[in-house]
2 protein chains.
Amino acid sequence: MVQSKTELFDKKLVKDAELFKALAHPARLRILQFLAETPACITGDISDELPLGRTTVNQHLKELKKVGLIQGHILGVKTNYCLDPAKVKELEKSIASFLESINFENYKCI
Amino acid sequence: MVQSKTELFDKKLVKDAELFKALAHPARLRILQFLAETPACITGDISDELPLGRTTVNQHLKELKKVGLIQGHILGVKTNYCLDPAKVKELEKSIASFLESINFENYKCI
DNA sequence: AGTATTTGACGTATATTTACATCAAATTAA
DNA sequence: TTAATTTGATGTAAATATACGTCAAATACT
C-alpha cells in the first residue's frame, strides 16, 4: 500500500473493517465454529481439526485474539482457547449497525 | 501464501470469508455508505468523497462489484454505481447464519 | 535427572492487497 | 473538427497476509 491511508477514515469504519478482516479467512471462521462447539478447547486439537499446519493455525489464533474474539488460558504447557461471548455479541452489534447504515428501504437504482 | 489452502474448507465458509473480505477495508465500507446515501451515484463523485486517488477507488469498486454488492450502469462516458439491495439482504442473511453457528446461549469458558 | 510434549517466537518464501501513475478509448462540449 | 472529460486497463512499488520450518522455553512424564 506504499502509504496506508486507513487513518484518514472514520474511526468506527476502521474498527468495523478490522472486525471484518478478522473474519475474512475460512480458517478463522472454522476456528470460531470449532471453539463454539468445543468447550474443552485445547490448542493442538484446533490445528488437528484444520487442513493447516500448527504454526499457521497459531497465527490465525493470534489474529482472532488481537481483535478479542477469543481468549487463551494457559494451563501448564497447554493453552485453552475459547470464544469471548461478550465480544461475539459486540461483533454482532457492530455488524448490525453498519448494515443498518446502508439499508434504505426505498433505495432504488437509477 | 505459497500454496493457497482455501479450497480445503467448506464451500459456505469460503464464500462467507469472501464476503467478509469485501468488507475488510474502511474505503469499501465508506463507498457502500455513500452509495446508500446517494441515489445519483456518479463514479467520479465517489472518489471525490474519499481521501484516495481515483484509480485506487476504482479498484475498490471492482472488488465490491466482484462479490455483487454493487452494480455499475454505463451512461455514455460516465458510469453510475449503485448498491444491489438484494445482495445486501443476502449478505445480511449470510452473516446472520454464520453468527448463529457460533452463538451458543450456554457457552462458557473453562 | 532425562526425555517427550506443547507452545509461541522468529525467520522465510510466495501471494495478495493497497495505492498510484500513465495510457488509450470513448464520449461529450466548444 | 478539436479539445476536454471520464473511465477502465495495465503496470509498478511497497506493505501485508498466508503457510510453514525451526528453535528455545516451559511443563509433564518416566
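First the proteins, then the strands, lettered A, B, ... as listed; each starts at 1.
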Phosphate-side-chain proximity, [X] and [N], N/O vs OP1/OP2 below 4.0 Å:
{"X": "A:Arg54", "N": "D:dA19", "answer": "no"}
{"X": "A:Ser4", "N": "D:dT16", "answer": "no"}
{"X": "A:Lys78", "N": "D:dA26", "answer": "no"}
{"X": "A:His60", "N": "D:dA19", "answer": "yes"}

Which whole-number value in Å describes the distance from [X] [atom1] to [N] [atom2]?
{"X": "B:Asn58", "N": "C:dT22", "atom1": "CG", "atom2": "P", "answer": "17 Å"}
{"X": "B:Ile42", "N": "C:dT27", "atom1": "CD1", "atom2": "P", "answer": "18 Å"}
{"X": "B:Lys66", "N": "C:dT16", "atom1": "NZ", "atom2": "P", "answer": "10 Å"}
{"X": "B:Leu8", "N": "D:dT18", "atom1": "CG", "atom2": "P", "answer": "15 Å"}
{"X": "A:Leu75", "N": "D:dA26", "atom1": "CG", "atom2": "P", "answer": "17 Å"}
{"X": "B:Phe9", "N": "D:dT18", "atom1": "CZ", "atom2": "C1'", "answer": "11 Å"}
{"X": "B:Glu18", "N": "D:dA17", "atom1": "CD", "atom2": "P", "answer": "18 Å"}
{"X": "A:Ile74", "N": "C:dA9", "atom1": "CD1", "atom2": "C1'", "answer": "14 Å"}

Item to complete: I would like to know whether B:Leu19 and B:Leu23 meet side chain to side chain contact (heavy atoms under 4.5 Å, CB included); could you show each step before the answer?
Response: CA-CA 7 Å; B:Leu19 280 176; B:Leu23 302 174; 5.8 Å; no
Inset, instruction - Tell me which of B:Gly53 and A:Lys62 sits closer to the 5' end of DNA chain C, going by the nucleotide each one is nearest to. - result: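 Whichever sits nearer the 5' end wins; that is A:Lys62.
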Which of the following nucleotides, [options], is nearest to the side chain of [X]?
{"X": "A:Val77", "options": "C:dA21, D:dT7, C:dT5", "answer": "C:dT5"}
{"X": "B:Leu52", "options": "D:dA9, C:dA19, C:dT6", "answer": "C:dA19"}
{"X": "B:Thr56", "options": "C:dT7, D:dT18, C:dA19", "answer": "C:dA19"}
{"X": "B:Lys21", "options": "C:dT16, D:dT7, C:dT7", "answer": "C:dT16"}

When all nucleic acid strands are considered with a 4.0 Å heavy-atom cut-off, which category describes [X]: base, sugar-phosphate, or nothing?
{"X": "B:Thr55", "answer": "base"}
{"X": "A:Gln59", "answer": "base"}
{"X": "A:Thr43", "answer": "sugar-phosphate"}

### Query
So how far is it from A:Glu37 CD to B:Tyr107 OH, rounded to the nearest 0.5 Å?
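Reported value, rounded in 0.5 Å steps: 11.0 Å.
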**Item:** CA sep, side-chain torsions, deciding dist, call: A:Leu32, A:Arg28, side chain to side chain contact (heavy atoms under 4.5 Å, CB included)
**Value:** CA-CA 6 Å; A:Leu32 292 175; A:Arg28 293 194 287 274; 5.7 Å; no
Can a side-chain donor-acceptor contact be found between A:Lys5 and B:Thr56 if the only test is distance below 3.5 angstrom?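 Not at all, the side chains of B:Thr56 and A:Lys5 share no donor-acceptor pair under 3.5 Å.
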For B:Lys66, is there an ion pair with B:Glu63 - N to carboxylate O distance below 4.0 angstrom?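 No.
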